[in-house]
Amino acid sequence: YVDSASGVVEEVFLKNKFSMVDVNQHISKQNLARASGNTDKLVALARDTGAELLVLTDAARYFERNMNLYGSNYQVFRSDIQLRVIETGTGAVIYSGSRQGEPSATMDPVYDSSRELANAAIESILQKWSSDVNNATTYKLTIAKVDFSVLEELEQKIRNLSGVDNLYRRAFDAGQGRFDIEYRGTADDLIKQLTNFKSPGLSIIGMSQQTIEAVAR
(Lines give C-alpha, C1' and ligand atoms only; values in the text may rest on other atoms or scores of the structure.)
Protein backbone atom coordinates (compact mmCIF):
# COMPACT_ATOMS: atom_id res chain seq x y z
CA TYR A 1 0.00 0.00 0.00
CA VAL A 2 2.95 2.35 0.55
CA ASP A 3 3.98 1.93 -3.10
CA SER A 4 0.42 2.70 -4.25
CA ALA A 5 0.18 5.81 -2.08
CA SER A 6 3.65 7.11 -2.93
CA GLY A 7 2.96 6.59 -6.63
CA VAL A 8 -0.04 8.90 -6.40
CA VAL A 9 1.96 11.45 -4.37
CA GLU A 10 4.75 11.43 -6.95
CA GLU A 11 2.24 11.89 -9.77
CA VAL A 12 0.75 14.96 -8.08
CA PHE A 13 4.18 16.51 -7.45
CA LEU A 14 5.22 15.94 -11.07
CA LYS A 15 2.01 17.53 -12.35
CA ASN A 16 2.90 20.59 -10.25
CA LYS A 17 6.31 20.88 -11.99
CA PHE A 18 8.46 19.46 -9.18
CA SER A 19 11.51 17.45 -10.24
CA MET A 20 12.11 14.05 -8.70
CA VAL A 21 15.50 12.61 -7.77
CA ASP A 22 16.00 9.06 -8.99
CA VAL A 23 17.03 7.33 -5.76
CA ASN A 24 18.51 4.34 -7.60
CA GLN A 25 20.99 6.58 -9.42
CA HIS A 26 22.27 8.27 -6.28
CA ILE A 27 21.87 5.94 -3.32
CA SER A 28 22.93 2.32 -3.03
CA LYS A 29 20.40 -0.22 -1.79
CA GLN A 30 22.67 -0.94 1.18
CA ASN A 31 22.78 2.71 2.30
CA LEU A 32 19.05 3.06 1.82
CA ALA A 33 18.40 -0.08 3.85
CA ARG A 34 20.65 1.15 6.68
CA ALA A 35 18.77 4.45 6.80
CA SER A 36 15.32 2.84 6.73
CA GLY A 37 13.27 3.96 9.71
CA ASN A 38 15.76 6.67 10.70
CA THR A 39 14.48 10.05 9.57
CA ASP A 40 17.75 11.91 10.22
CA LYS A 41 19.70 9.45 8.07
CA LEU A 42 17.11 9.64 5.31
CA VAL A 43 17.29 13.45 5.35
CA ALA A 44 21.11 13.27 5.10
CA LEU A 45 20.91 10.87 2.15
CA ALA A 46 18.39 13.09 0.40
CA ARG A 47 20.56 16.16 1.01
CA ASP A 48 23.58 14.38 -0.49
CA THR A 49 21.66 13.83 -3.73
CA GLY A 50 21.03 17.57 -4.03
CA ALA A 51 17.31 17.24 -3.25
CA GLU A 52 15.72 20.18 -1.44
CA LEU A 53 12.84 18.15 -0.03
CA LEU A 54 12.33 14.66 1.36
CA VAL A 55 8.78 13.33 1.04
CA LEU A 56 7.90 10.42 3.33
CA THR A 57 4.72 8.47 2.62
CA ASP A 58 3.19 5.75 4.78
CA ALA A 59 0.03 3.78 4.11
CA ALA A 60 -1.92 0.93 5.67
CA ARG A 61 -5.26 -0.84 5.18
CA TYR A 62 -7.08 -2.55 8.02
CA PHE A 63 -9.72 -5.22 7.62
CA GLU A 64 -13.04 -4.01 8.99
CA ARG A 65 -15.80 -6.42 7.98
CA ASN A 66 -17.19 -8.76 5.37
CA MET A 67 -20.00 -7.49 3.18
CA ASN A 68 -22.47 -9.28 0.92
CA LEU A 69 -23.63 -7.31 -2.07
CA TYR A 70 -25.97 -8.76 -4.68
CA GLY A 71 -24.99 -12.26 -3.68
CA SER A 72 -21.23 -11.63 -3.77
CA ASN A 73 -18.98 -11.47 -0.72
CA TYR A 74 -16.55 -8.55 -0.30
CA GLN A 75 -13.96 -7.65 2.30
CA VAL A 76 -14.19 -4.05 3.47
CA PHE A 77 -11.05 -2.22 4.60
CA ARG A 78 -10.37 1.18 6.09
CA SER A 79 -7.19 3.02 5.07
CA ASP A 80 -4.78 5.30 6.88
CA ILE A 81 -2.37 7.48 4.86
CA GLN A 82 0.37 9.70 6.32
CA LEU A 83 2.60 12.21 4.55
CA ARG A 84 5.53 14.30 5.75
CA VAL A 85 7.68 16.76 3.82
CA ILE A 86 11.07 17.68 5.29
CA GLU A 87 13.42 20.42 4.10
CA THR A 88 16.81 18.73 3.66
CA GLY A 89 18.85 21.89 4.23
CA THR A 90 17.40 22.63 7.66
CA GLY A 91 15.70 19.39 8.69
CA ALA A 92 12.51 21.38 9.28
CA VAL A 93 9.17 19.64 8.74
CA ILE A 94 7.29 21.77 6.21
CA TYR A 95 4.18 19.61 6.15
CA SER A 96 2.75 16.73 8.16
CA GLY A 97 -0.72 15.31 7.64
CA SER A 98 -2.83 12.18 7.67
CA ARG A 99 -6.11 11.02 6.17
CA GLN A 100 -8.39 8.11 6.97
CA GLY A 101 -10.29 6.90 3.95
CA GLU A 102 -13.89 5.78 3.98
CA PRO A 103 -14.31 1.99 4.48
CA SER A 104 -14.22 0.36 1.07
CA ALA A 105 -13.57 -2.89 -0.76
CA THR A 106 -11.49 -0.99 -3.36
CA MET A 107 -8.22 0.94 -3.27
CA ASP A 108 -9.95 4.20 -4.17
CA PRO A 109 -9.74 5.67 -0.62
CA VAL A 110 -5.96 5.10 -0.64
CA TYR A 111 -5.62 6.95 -3.95
CA ASP A 112 -8.00 9.77 -2.96
CA SER A 113 -6.40 10.34 0.45
CA SER A 114 -2.90 10.33 -1.04
CA ARG A 115 -3.93 12.87 -3.64
CA GLU A 116 -5.50 15.16 -1.01
CA LEU A 117 -2.39 15.00 1.18
CA ALA A 118 -0.05 15.67 -1.73
CA ASN A 119 -2.00 18.76 -2.79
CA ALA A 120 -2.08 20.04 0.80
CA ALA A 121 1.67 19.44 1.12
CA ILE A 122 2.41 21.34 -2.10
CA GLU A 123 0.35 24.29 -0.85
CA SER A 124 2.42 24.36 2.37
CA ILE A 125 5.68 24.11 0.43
CA LEU A 126 4.79 26.99 -1.88
CA GLN A 127 3.71 29.14 1.08
CA LYS A 128 7.02 28.41 2.83
CA TRP A 129 9.08 29.20 -0.25
CA SER A 130 7.09 32.35 -0.94
CA SER A 131 7.72 33.49 2.63
CA ASP A 132 11.45 32.76 2.27
CA VAL A 133 11.61 34.84 -0.90
CA ASN A 134 9.52 37.76 0.36
CA ASN A 135 11.22 38.07 3.74
CA ALA A 136 14.84 39.08 3.62
CA THR A 137 17.38 36.81 5.33
CA THR A 138 20.72 38.09 6.59
CA TYR A 139 23.69 36.23 5.11
CA LYS A 140 27.25 36.70 6.30
CA LEU A 141 29.71 36.96 3.39
CA THR A 142 33.48 36.79 3.84
CA ILE A 143 35.73 37.69 0.89
CA ALA A 144 39.40 36.74 1.21
CA LYS A 145 42.48 37.60 -0.87
CA VAL A 146 41.19 41.03 -1.82
CA ASP A 147 42.59 44.57 -1.69
CA PHE A 148 40.45 47.54 -0.76
CA SER A 149 39.85 48.90 -4.27
CA VAL A 150 38.66 45.50 -5.53
CA LEU A 151 36.52 45.11 -2.42
CA GLU A 152 34.76 48.38 -3.21
CA GLU A 153 34.04 47.19 -6.76
CA LEU A 154 32.62 43.93 -5.47
CA GLU A 155 30.60 45.77 -2.85
CA GLN A 156 28.91 47.87 -5.53
CA LYS A 157 28.15 44.79 -7.63
CA ILE A 158 26.54 43.07 -4.65
CA ARG A 159 24.40 46.12 -3.89
CA ASN A 160 23.04 45.98 -7.45
CA LEU A 161 22.01 42.32 -7.27
CA SER A 162 18.35 41.47 -7.59
CA GLY A 163 16.94 40.53 -4.18
CA VAL A 164 19.50 42.47 -2.11
CA ASP A 165 17.73 44.89 0.23
CA ASN A 166 20.74 46.08 2.23
CA LEU A 167 24.48 45.48 2.40
CA TYR A 168 26.66 46.31 5.42
CA ARG A 169 30.44 46.23 5.34
CA ARG A 170 31.41 45.01 8.80
CA ALA A 171 35.19 44.89 8.53
CA PHE A 172 38.23 44.90 6.26
CA ASP A 173 41.56 43.62 7.54
CA ALA A 174 44.44 41.42 6.40
CA GLY A 175 43.08 41.24 2.86
CA GLN A 176 39.67 40.08 4.01
CA GLY A 177 36.32 41.85 3.84
CA ARG A 178 33.24 40.87 5.83
CA PHE A 179 29.67 41.82 4.94
CA ASP A 180 26.12 41.29 6.13
CA ILE A 181 23.71 40.95 3.20
CA GLU A 182 19.94 41.24 3.62
CA TYR A 183 18.70 39.11 0.73
CA ARG A 184 15.25 37.91 -0.34
CA GLY A 185 16.00 34.36 -1.39
CA THR A 186 17.98 31.26 -0.54
CA ALA A 187 21.74 30.98 -0.01
CA ASP A 188 21.94 28.96 -3.24
CA ASP A 189 20.19 31.74 -5.17
CA LEU A 190 22.59 34.33 -3.76
CA ILE A 191 25.63 32.19 -4.56
CA LYS A 192 24.50 31.74 -8.17
CA GLN A 193 24.43 35.51 -8.57
CA LEU A 194 27.76 36.05 -6.82
CA THR A 195 29.56 33.52 -9.03
CA ASN A 196 28.36 35.34 -12.16
CA PHE A 197 30.62 38.33 -11.37
CA LYS A 198 33.37 39.00 -13.92
CA SER A 199 36.59 40.95 -13.42
CA PRO A 200 36.63 41.11 -10.45
CA GLY A 201 34.86 37.86 -9.72
CA LEU A 202 34.25 35.58 -6.78
CA SER A 203 34.94 31.89 -6.16
CA ILE A 204 32.88 30.27 -3.41
CA ILE A 205 35.01 28.09 -1.11
CA GLY A 206 32.49 27.34 1.64
CA MET A 207 28.94 27.82 2.81
CA SER A 208 26.51 26.89 5.56
CA GLN A 209 22.88 27.83 6.03
CA GLN A 210 23.51 31.59 6.34
CA THR A 211 27.27 31.95 5.88
CA ILE A 212 29.17 32.21 2.59
CA GLU A 213 32.96 32.19 2.21
CA ALA A 214 34.54 33.42 -1.00
CA VAL A 215 37.87 34.50 -2.52
CA ALA A 216 38.32 37.27 -5.07
CA ARG A 217 39.60 36.34 -8.52
Side-chain angles (χ1 to χ4, degrees), residues 10 12-27 40 42-55 85-95 121-217:
E10 181 173 336
V12 173
F13 271 79
L14 288 172
K15 283 184 177 179
N16 283 271
K17 310 302 181 185
F18 284 80
S19 297
M20 295 291 174
V21 173
D22 187 342
V23 172
N24 294 324
Q25 288 186 359
H26 296 273
I27 304 173
D40 290 340
L42 289 171
V43 169
L45 286 177
R47 183 169 55 245
D48 290 343
T49 70
E52 294 181 64
L53 301 172
L54 172 65
V55 182
V85 180
I86 302 173
E87 202 170 41
T88 61
T90 63
V93 177
I94 296 180
Y95 176 81
I122 288 171
E123 184 177 346
S124 292
I125 292 166
L126 296 180
Q127 287 178 352
K128 171 68 165 56
W129 285 353
S130 176
S131 175
D132 288 346
V133 169
N134 292 326
N135 297 319
T137 299
T138 299
Y139 296 95
K140 296 187 179 298
L141 172 65
T142 300
I143 303 175
K145 298 182 179 179
V146 62
D147 62 35
F148 189 74
S149 61
V150 171
L151 189 71
E152 286 187 316
E153 289 185 61
L154 289 168
E155 182 176 344
Q156 189 56 50
K157 287 184 175 184
I158 295 169
R159 288 188 187 278
N160 293 335
L161 288 178
S162 173
V164 172
D165 285 348
N166 290 295
L167 176 68
Y168 305 96
R169 188 197 305 158
R170 294 306 186 192
F172 174 72
D173 56 76
Q176 185 179 87
R178 292 189 290 278
F179 297 92
D180 287 348
I181 305 173
E182 292 181 1
Y183 179 74
R184 286 175 285 108
T186 66
D188 286 342
D189 293 336
L190 178 56
I191 285 172
K192 286 176 184 176
Q193 294 199 73
L194 293 175
T195 53
N196 284 333
F197 290 167
K198 306 292 183 185
S199 187
L202 288 173
S203 295
I204 306 302
I205 59 172
M207 68 168 289
S208 60
Q209 187 177 349
Q210 290 176 231
T211 301
I212 301 170
E213 298 177 1
V215 294
R217 54 177 171 78

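Everything numeric here is computed off the predicted structure, so don't read it as measured data.
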Atom pair [atom1] ([X]) and [atom2] ([Y]), whose distance is rounded to the nearest 0.5 Å:
X: N166; Y: F179; atom1: CG; atom2: CZ; value: 14.0 Å
X: E52; Y: S19; atom1: CD; atom2: OG; value: 9.5 Å
X: I143; Y: I158; atom1: CD1; atom2: CD1; value: 4.5 Å
X: Q210; Y: D180; atom1: CD; atom2: CG; value: 10.5 Å
X: Q25; Y: T49; atom1: CD; atom2: OG1; value: 11.0 Å
X: L202; Y: I212; atom1: CG; atom2: CD1; value: 10.0 Å

Identify the two heavy atoms, one from [X] and one from [Y], that lie closest to each other, and give their separation to 0.1 Å.
X: I205; Y: A214; answer: CG1-N, 4.1 Å
X: A216; Y: K145; answer: CB-O, 3.6 Å
X: Q193; Y: S162; answer: NE2-O, 3.0 Å
X: T88; Y: A51; answer: OG1-O, 2.6 Å
X: E155; Y: R169; answer: OE1-NH2, 2.6 Å
X: D147; Y: F172; answer: C-CZ, 4.0 Å

List the residues meeting side-chain contact (heavy atoms from CB on, under 4.5 Å) with N16, not counting sequence neighbours, and say none if there are none.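 Scan of N16 (side-chain contact (heavy atoms from CB on, under 4.5 Å), adjacent residues dropped) gives V12, F18, N119, I122.
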What pairs with E10 under side-chain contact (heavy atoms from CB on, under 4.5 Å), at least two apart in sequence or on another chain?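 Result, side-chain contact (heavy atoms from CB on, under 4.5 Å) vs E10: L14, M20.
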D173: what forms a side chain to side chain donor-acceptor pair (under 3.5 Å) with it, not counting sequence neighbours?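 Counting only residues at least two positions away or on another chain, D173 forms a side chain to side chain donor-acceptor pair (under 3.5 Å) with R178.
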Mind checking whether [X] and [Y] have side chains closer than 4.5 Å, heavy atoms only?
X: E182; Y: Y168; answer: yes
X: Q176; Y: T142; answer: yes
X: D189; Y: Y183; answer: yes

Strictly distance-based, threshold 3.5 Å: is any side-chain N or O of K157 a donor or acceptor partner for the main-chain N or O of G201?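 No; judged by distance alone, with no hydrogens or angles, the pair does not exist.
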Verdict with reasoning, D188 to T186, per side-chain hydrogen bond (donor to acceptor under 3.5 Å, both in side chains): CA-CA 5 Å; D188 286 342; T186 66; 5.2 Å; no
Test side-chain contact (heavy atoms from CB on, under 4.5 Å) applied to [X] and [options], the passing residue:
X: L53; options: V43, V21, I94; value: I94
X: S203; options: V215, T195, L194; value: V215
X: M207; options: I191, L190, L141; value: I191

